[in-house]
Amino acid sequence: MSSGRSPLVALVVTVALLAAGCGGGQGGADAGVPEVEGLPEASETDVVVRADADLVVWADEVRAEALEPIVAEFAAELDVTAAVQAVPADDLESAFIIANTEGTGPDVVVGEHAWIGVLVQNGAIDRLELSDVDRGRYSPQALAGVTYNGVLYGLPYAVESLVLYRNTDLVGTAPATVEELVEAGTTSGAERPLCLPVGPGGDAFSLHALYRSAGGYVFGTTSDGEPNPTDLGVGGPGSVAAMTKFGELGAAGVLSTDITQDNALGTFVEAGCAYLVAGPDAAAQLRAAGVPYQVSPSPGFADGATAQPYVEVQAFFLASKGRSRDLAKQLVLDGINSPETMQALYDAERRVPAMTDVLAAAIAQDPAVALFAEAAAAGVLLPSIPQMGAVWGPLSQAEAAVVRGADPEDTIRDAGAAIARALQ
């Protein structure tokens, strides 16, 4: 999620492959840190240094572990050295842009499609030339996610959205509406019906499905279906209607700022709530904890539109200033772009595959995967335009305030005004 970016941290864990080691002193401490558009400033001590290898891939900690054997095998076949560097997820986008600008970054970076607007704005990634045959291997939604202004910039490998988990010891069938969820959850015996992370500062990402169902939108769309930053929905009538619903759910104890990203899953595991809104990664933790659960798409309000959670596409991007750009292209187009590699990535991390044949195989092995795929298919792609950076803070804070009892209309109109000023 791109709603909040923490300051860069200096520590980077490096996974060396083959004979590669960690390079020292390549960060250019005397050169300083270049300014980048759309991201907070960072001190020069925060620059991440490229590993000393022919081919370098940056990813977050989880993906780095999954990629290590795949990149190692690719490098061994070409008799080159390679390294996968694990960069903390909250810092990866910023660290990549800064290092790429200095020429000390990786050749390939793995991240969210929502980064693309800022990456393109900073000239940090190259377009990806993918044949029509290869494009046909991926879901249209996944390809749309990595396409920006009509140009393909990444190779998608996974699609994900938030889903609704229910404790089957407490509640039965999947609720068709929010109202059914509230009724069943309230009578379930759990302390609260729903664990949906709001947190003290709000969480516009997690609340988006309900926001859309109640009539709100962030940005409208152009005639081509692209996000339109000149059409701001925050502060408009639909957002007022959504905030009114949020206020009612807050007053009823269904939504609470006490439920955060840190405690939502644990509360659900302890049967403190009947339902949980979380991503696909929660499934493995629930299985390990022995919690009986089922998954379904998040429901909308009875008098509203279909609930549409934000959808994220995970992808591989080619660094514009990578030292081994030809190797990077070969890794992505030949090494990663294959059913065998996509299957290996799925086996390592269990994210819904973007490659349709791999998705079909995953569903055949585990029918529950179809439920996660269904939820993502019903969602809406998280806008990848840079203007989203102005939205997260004001909208999230407004939602939290309304859940706590603030006036819905005044609060969301103030948030809309703040966003509009930032976009000027």
Heavy-atom side-chain contact between W115 and I125 under 4.5 Å: no

Expected output: side-chain S338 to main-chain D334 donor-acceptor under 3.5 Å: no

For A190 against L170, the heavy-atom pair lying closest together: CB-CD1, 4.1 Å

Nearest heavy atoms of A376 and V159, plus distance in Å: CB-CG1, 3.8 Å

Main-chain N/O of T222 paired with D231 side-chain donor or acceptor, under 3.5 Å: no

Side chains of E160 and F372 in contact at under 4.5 Å (non-hydrogen atoms): no

Worked check of side chain to side chain contact (heavy atoms under 4.5 Å, CB included) between M342 and Y138: CA-CA 11 Å; M342 291 294 177; Y138 296 92; 3.4 Å; yes

Side-chain (T341) to main-chain (N337) donor-acceptor, under 3.5 angstrom: no

From CA spacing to verdict: side chain to side chain contact (heavy atoms under 4.5 Å, CB included), L423, F219: CA-CA 12 Å; L423 293 176; F219 291 119; 4.0 Å; yes

Exam field: side chain H113 to backbone L382, donor-acceptor pair closer than 3.5 Å: yes

Atom CD of E179 with >12 non-hydrogen neighbours under 6.0 angstrom: yes

Contact check, side chains of L345 and L67, non-hydrogen atoms, under 4.5 Å: yes

Rounded distance [0.5 Å steps], CG in N122 versus OG in S94: 9.5 Å

From OG (S324) to CG (L331), nearest 0.5 Å: 11.0 Å

Evaluation steps, side chain to side chain contact (heavy atoms under 4.5 Å, CB included), between Y310 and V380: CA-CA 5 Å; Y310 274 135; V380 58; 4.1 Å; yes

Geometric class of the F205/W392 ring pair [parallel <30°, tilted 30-60°, perpendicular >60°]: tilted

Flag side-chain contact, heavy atom, 4.5 Å: V402 against T244: no

Point-to-point distance, once rounded to the nearest 0.5 Å, from CG of L333 to CG of L318: 7.0 Å

Donor-acceptor under 3.5 Å (R127 side chain, Y153 main chain): no

Side-chain donor/acceptor of S396 to backbone N/O of G201, under 3.5 Å: no

Atom pair CG/OG of L255 and S206 - distance to nearest 0.5 Å: 11.0 Å

Distance in Å, M355 CE paired with D134 CG, rounded so as to fall on 0.5 Å steps: 7.5 Å

Spacing of D203 atom CG and H208 atom NE2 [to the nearest 0.5 Å]: 12.0 Å

Side-chain donor-acceptor contact under 3.5 Å, T267 with E191: no

Reference residue T260; test side chain to side chain contact (heavy atoms under 4.5 Å, CB included); the match among N263, T257, D258: N263

Minimum heavy-atom distance between R50 and T104, given as atom pair plus value: CB-O, 2.9 Å

Inter- and intrachain pairs under disulfide bond (SG atoms under 2.5 Å apart), touching residues 115-161, at least two apart: none

Main-chain N/O of G272 paired to R192 side chain as donor or acceptor, under 3.5 Å: no

Crowding at CZ, R135 (>12 non-hydrogen neighbours, <6.0 Å): yes

Flag, side chain of Y346 to backbone of V352, donor-acceptor distance under 3.5 Å: no

Donor-acceptor pair, side chain of E65 and main chain of A348, under 3.5 angstrom: no

Minimum heavy-atom distance A95-V87, with the two atoms named: CB-CG1, 4.3 Å

The single option from R325, K329, K321 passing salt bridge (Lys or Arg N to Asp or Glu O under 4.0 Å) against D126: R325

Side-chain donor/acceptor pairs under 3.5 Å, residues 291-304, sequence neighbours excluded:
{"from": "Y293", "atom 1": "OH", "to": "R287", "atom 2": "NH1", "distance (Å)": "3.3"}
{"from": "D303", "atom 1": "OD1", "to": "K245", "atom 2": "NZ", "distance (Å)": "3.2"}
{"from": "D303", "atom 1": "OD2", "to": "K245", "atom 2": "NZ", "distance (Å)": "3.3"}

Heavy-atom pair with the smallest gap, counting every atom of V198 and V403: CG1-CG2, 4.4 Å

Short side-chain to backbone donor-acceptor contact, D224 and E226, under 3.5 Å: no

Side chain to side chain, L210 and L196, heavy atoms closer than 4.5 Å: yes

Residue pair D326 / Q330, side-chain donor-acceptor N/O under 3.5 Å: no

Min side-chain heavy-atom separation N100-W58 under 4.5 Å: no

V62 vs D281, side chain to side chain contact (heavy atoms under 4.5 Å, CB included): CA-CA, chis, key distance, verdict: CA-CA 11 Å; V62 174; D281 55 326; over 6 Å; no

Validation row: V56, D107 side chains within 4.5 angstrom (heavy atoms): yes

Least distance between heavy atoms, Y157 atom then V110 atom: CE2-CG1, 3.9 Å

L286 and L265, any side-chain heavy atoms less than 4.5 Å apart: yes

